[in-house]
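Scroll down for the structure; my scribbles are underneath it.
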Amino acid sequence: MEAGIRGWGAYIPKFRVSATEIATLWGYDVKLPKALGVVEKAVAEEDEDAVTMGWYAARVALKRAGVSGEDIDAVFFGTESKPYAVKPSATIVADALGVKRRKLSTDLEFACRAAGEGIRISIGLVKGGLAQNTLVIGSDTAQANPGDLLDFTASSGAVAFVIGNPSKSPAAIEASVSYVTDTPDFWRRDRSPYPEHGEIFTGEPAYFHHILSAAKLLLDETGLKPSDFDYAVFHQPNGKFPLQVARALGIPQEKVLPGLVTPYIGNTYNASALLGLAKILEEAKPGNRILVVTFGSGAGSDAFSIVVGDSIYEVVSRGPKVSDMISSRVSIPYGVYAKFRGLYLRNIGG
Amino acid sequence: MKLSPSQFWRIRESQYRLIITECGSCGRKSVFKRSVCPFCGSSNVKHVESEGFGKVLDVTKVMYRWNSSDERPPLLVGVVELDEGVRVVGEIVGVGDNEEVKEGTRVEAVLRRYASDDPYGVIYYGIKFKPIKTA
């Protein structure tokens with residue numbers, strides 16, 4: 001075993017804007033949301049950002065892990081919607097959680113996979129004896145150019161994991177691997193308020209190539225077969241791509257659906273696949289094996305094989321569940337979404 | 001209220017965390033990290049962090065916006081009694097148009113933005129409260 005997930009937490013804002021309303025407002029075919037596999041997306045309030053959502057998820061993760069801030073040796077904050085262009089988010093969250101000062105602490109950026117990379121770095125630190133426990137946070141208030149296709153899915157949410165000794169963990173990471181290339185499928189230049197994307201270039205050469213390559217590397221290196229996994233969760237830019245990846249790997253749909261959260265909350269970027277993992281951990285049984293593959297544009301993927309342990313039920317009970325956060329929802333119109341997310345140009349102080 | 005980076009930095013622990021001061025002399029508790037008990041003046045105090053749960057004792061709707069706040073009115077501001085027995089005033093967020101906050105509503109502490117000095121200034125974070133569903 002490489003390391004373990006000692007605890008996890010999630011945060012999903014309760015406000016939702018309907019994909020059908022977005023289609024109607026911007027003149028798309030009203031059947032488009034169904035084609036994308038998305039019903040609605042979660043919207044953070046105006047006083048929320050990646051820091052505040054990440055703090056909540058991390059607080060629950062510490063509680064589930066049964067550790068305090070004094071026990072955390074490193075904090076990694078994966079986001080592509082940092083409140084500050086320059087000034088770490090990780091330090092704000094760490095101080096707000098009472099994490100000790102003798103620690104590593106940094107923000108990671110790799111589009112939607114920075115938190116996945118944070119878990120891989122944590123595995124190295126824990127396995128190498130440089131850290132007892134690390135805190136990895138994936139949190140985004142994803143931006144989309146209003147009316148762009150991304151507007152249907154770009155949403156808000158966070159997830160956090162305490163990575164530590166596998167023998168103290170309710171889920172052990174038995175293997176992991178990363179696969180990275182230079183692929184310009186999605187980007188945001190300095191001072192640009194919204195990201196750009198390479199249209200259909202985001203599919204085959206980016207999302208599918210990297211996820212499938214990372215998954216196949218993991219299978220090759222471990223000798224595991226797709227049928228050895230009880231659950232599979234992939235990065236979820238929409239509700240359809242993860243099912244297509246599963247089909248390509250020969251994994252039946254019923255093993256993917258439990259971790260598929262994007263149809264109900266949108267794409268939470270750095271939280272996306274890992275929120276799916278959190279939901280699966282809350283439903284899995286001891287002995288279950290989970291395949292997780294993240295994806296970040298630019299582009300890269302991390303694949304993990306995770307085995308659920310005997311203490312899972314007790315650890316699940318220590319915090320709020322992802323499924324409850326999904327079902328606790330309040331609909332808002334697009335106008336309120338625009339207000340919450342600061343899409344109106346206003347004179348500050350007026 | 002306009003803060004400054006240095007002023008906020010000095011008080012950030014009390015902004016970020018619900019620290020309770022417990023007096024070893026008179027036995028009373030007060031919110032915020034204090035070196036002296038506000039009730040009896042004793043310095044025989046210890047500090048514990050609240051679990052962050054409580055109930056609303058009273059709530060009011062504030063219709064003006066304070067300087068530097070990014071938020072538009074109305075704001076809901078309530079008196080919350082924490083489960084540890086101390087009372088604190090805080091903004092109540094995460095309330096939908098058709099939802100009601102009233103005496104007895106269970107709430108949970110959350111970290112939220114309070115303000116920033118200007119569009120490019122320091123962002124001030126602090127504790128607010130959001131309603132939680134009870135069984």
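Quick caveat: nothing in here was measured; it's all calculated off a predicted structure. No hydrogens, no waters, no symmetry mates; every other heavy atom, side chains included, goes into these values.
Heavy-atom contacts from other residues, nucleotides or ligands closer than 6.0 Å to NZ of Lys168(A) number 12 or fewer. Atom CZ of Arg28(B) is surrounded by 12 or fewer heavy atoms from other residues, nucleotides or ligands within 6.0 Å. Other residues, nucleotides and ligands contribute at most 12 non-hydrogen atoms within 6.0 Å of the OH atom of Tyr120(B). Within a 6.0 Å radius of CD in Glu49(B), more than 12 heavy atoms belonging to other residues, nucleotides or ligands are found.
Judged as a salt bridge (charged side-chain N to carboxylate O under 4.0 Å, His left out), and not counting sequence neighbours, the contacts of Glu99(B) are Lys14(A). Under the side chain to side chain contact (heavy atoms under 4.5 Å, CB included) criterion, Leu25(A) pairs with Tyr334(A), sequence neighbours left out.
Of residues 53-61 of chain A, those residues lying under 4.5 Å from chain B by any heavy-atom pair are Trp55(A), Tyr56(A), Arg59(A).
Residue Ile332(A) does not touch chain B at all, counting heavy-atom pairs closer than 4.5 Å. For chain B, the nearby parts of Ser328(A) are the backbone and the side chain; heavy atoms of each come within less than 4.5 Å. With a threshold of 4.5 angstrom between heavy atoms, Glu13(B) does not approach chain A through any atom at all.
Rounding to the nearest 0.5 angstrom, the gap separating the CD atom in Glu51(B) from the NZ atom in Lys63(A) is 6.0 Å. Distance check, rounded to the nearest 0.5 Å: CG of Asp49(A) to CZ of Arg113(B) gives 4.0 Å. Taking CG from Asp95(A) and OH from Tyr16(B), the interatomic distance works out to 6.5 Å, rounded to the nearest 0.5 Å. Atom OG in Ser89(A) sits 8.5 Å away from atom CD1 in Ile123(B) (nearest 0.5 Å).
Judged as a ring-ring contact (aromatic ring centres under 6.0 Å, His included), not a single pair has a partner in residues 60-103 of chain A (not counting sequence neighbours).
Among Arg12(B), Arg17(B), Lys130(B), the residue making the largest number of heavy-atom pairs under 4.5 Å with chain A is Arg17(B).
Of all the heavy atoms in Val51(A) and Leu111(B), the pair that sits closest is CG1-CD2, 4.3 Å.
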